[in-house]
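Order of the sequence lines sets the chain letters (A, B, ...), proteins ahead of strands, with each chain counted from 1.
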Amino acid sequence: QKEVEQDPGPLSVPEGAIVSLNCTYSNSAFQYFMWYRQYSRKGPELLMYTYSSGNKEDGRFTAQVDKSSKYISLFIRDSQPSDSATYLCAMSANTGANSKLTFGKGITLSVRP
Amino acid sequence: SQTIHQWPATLVQPVGSPLSLECTVEGTSNPNLYWYRQAAGRGLQLLFYSVGIGQISSEVPQNLSASRPQDRQFILSSKKLLLSDSGFYLCAWSRDTYEQYFGPGTRLTVT
């Protein structure tokens, strides 16, 4: 079993739809969780980060962590064509100088006008 | 604000040739620095990380090496490139937290 599993996609939705992107993980030591957005041929951009379980909201984006189920989600409300990108989940067991991120493989989202 | 630069943006090199990719960070001091490779369908693979000048940790034994000659400079090198070294190379930085911030990347094609 891989440490981090992410739905492979691709995912195509109409503009204005609510998008749910998900990752599951097997390492119960993970407690720091991140979502990155990567446009084609660009570096990943940190979108959301959160510690432990709970929800975090930033504009149209909500990150949700359920540590009991080892499941994290990113919700995008009122999706826009500019949200079309690859979304990567990442997680870490610790913080500080030697913290290492484990990434999902990413899911490509396309928002149709 | 902090900015991370990588160059070159794209590179086409023959098998057996040397490689040098550079990453610099502006606007912060003593960052933690990371080199990743992103290959299609394989996600992001951590290659090296550094917590200070001259301090390099290798995650994957391979044809590549890294150096950190200055506080905000991180270099990825190879003496002889292999076809399997092709990919998208990303540099990232962090403070003493868990969030990492990525550069624009270098797309390397080995022919």
Side-chain (B:Y49) to main-chain (A:K100) donor-acceptor, under 3.5 angstrom
no

Relative to chain B, which segment of A:Y51 carries a heavy atom at a distance below 4.5 Å: side chain, backbone, both, or neither?
both

The interface call for B:S94 against chain A, heavy-atom contacts under 4.5 Å, is neither

Less than 4.5 Å to any heavy atom of chain B: does that hold for the side chain of A:E45, its backbone, both, or neither?
neither

Do the side chains of B:L76 and B:L90 join up, straight or via other hydrophobic residues, at under 4.5 Å, putting them in one cluster?
yes

In this structure, are over 12 heavy atoms from other groups packed under 6.0 Å from A:F30 atom CZ?
yes

Closest non-hydrogen contact found for A:K42 with B:F88 is O-CE2, 3.4 Å

Please tell me whether B:L33 and B:L47 are part of a single hydrophobic cluster in this structure, the criterion being side-chain heavy atoms less than 4.5 Å apart.
yes

In the single-linkage hydrophobic clustering (I, L, V, M, F, W, Y; side-chain heavy atoms under 4.5 Å), do B:Y34 and A:Y49 co-cluster?
yes

Main chain of B:Y98, side chain of A:T95: is a donor-acceptor contact present, judged purely on distance under 3.5 Å?
yes

For chain A, which candidate among B:L46, B:T97, B:V51 shows the most heavy-atom pairs at distances under 4.5 Å?
B:T97

Tell me whether the centres of the aromatic rings in A:F103 and B:Y36 are closer together than 6.0 Å.
yes

With chain B as the partner, which of A:M34, A:M91, A:R41, A:Q6 has the greatest number of non-hydrogen pairs under 4.5 Å?
A:R41

Heavy-atom count check: over 12 atoms from other residues, nucleotides or ligands less than 6.0 Å from A:R112 CZ?
yes

In terms of heavy-atom contacts, does NZ of A:K67 have more than 12 from other residues, nucleotides or ligands at under 6.0 Å?
yes

With a 4.5 Å cut-off on side-chain heavy-atom distances among I, L, V, M, F, W and Y, is there a chain of contacts connecting B:V60 to B:L44?
no

Side chain to side chain contact (heavy atoms under 4.5 Å, CB included), that's the test. Do A:L101 and B:Q100 meet it? Break it down for me.
CA-CA 8 Å; A:L101 300 185; B:Q100 292 182 18; 3.6 Å; yes

Which bit of B:Q6 comes within less than 4.5 Å of chain A, counting heavy atoms only: side chain, backbone, both or neither?
neither

Do A:I76 and A:I107 belong together in a cluster built from hydrophobic side chains that touch within less than 4.5 Å?
yes

A:T108 versus chain B, heavy atoms under 4.5 Å apart: side chain, backbone, both or neither?
neither

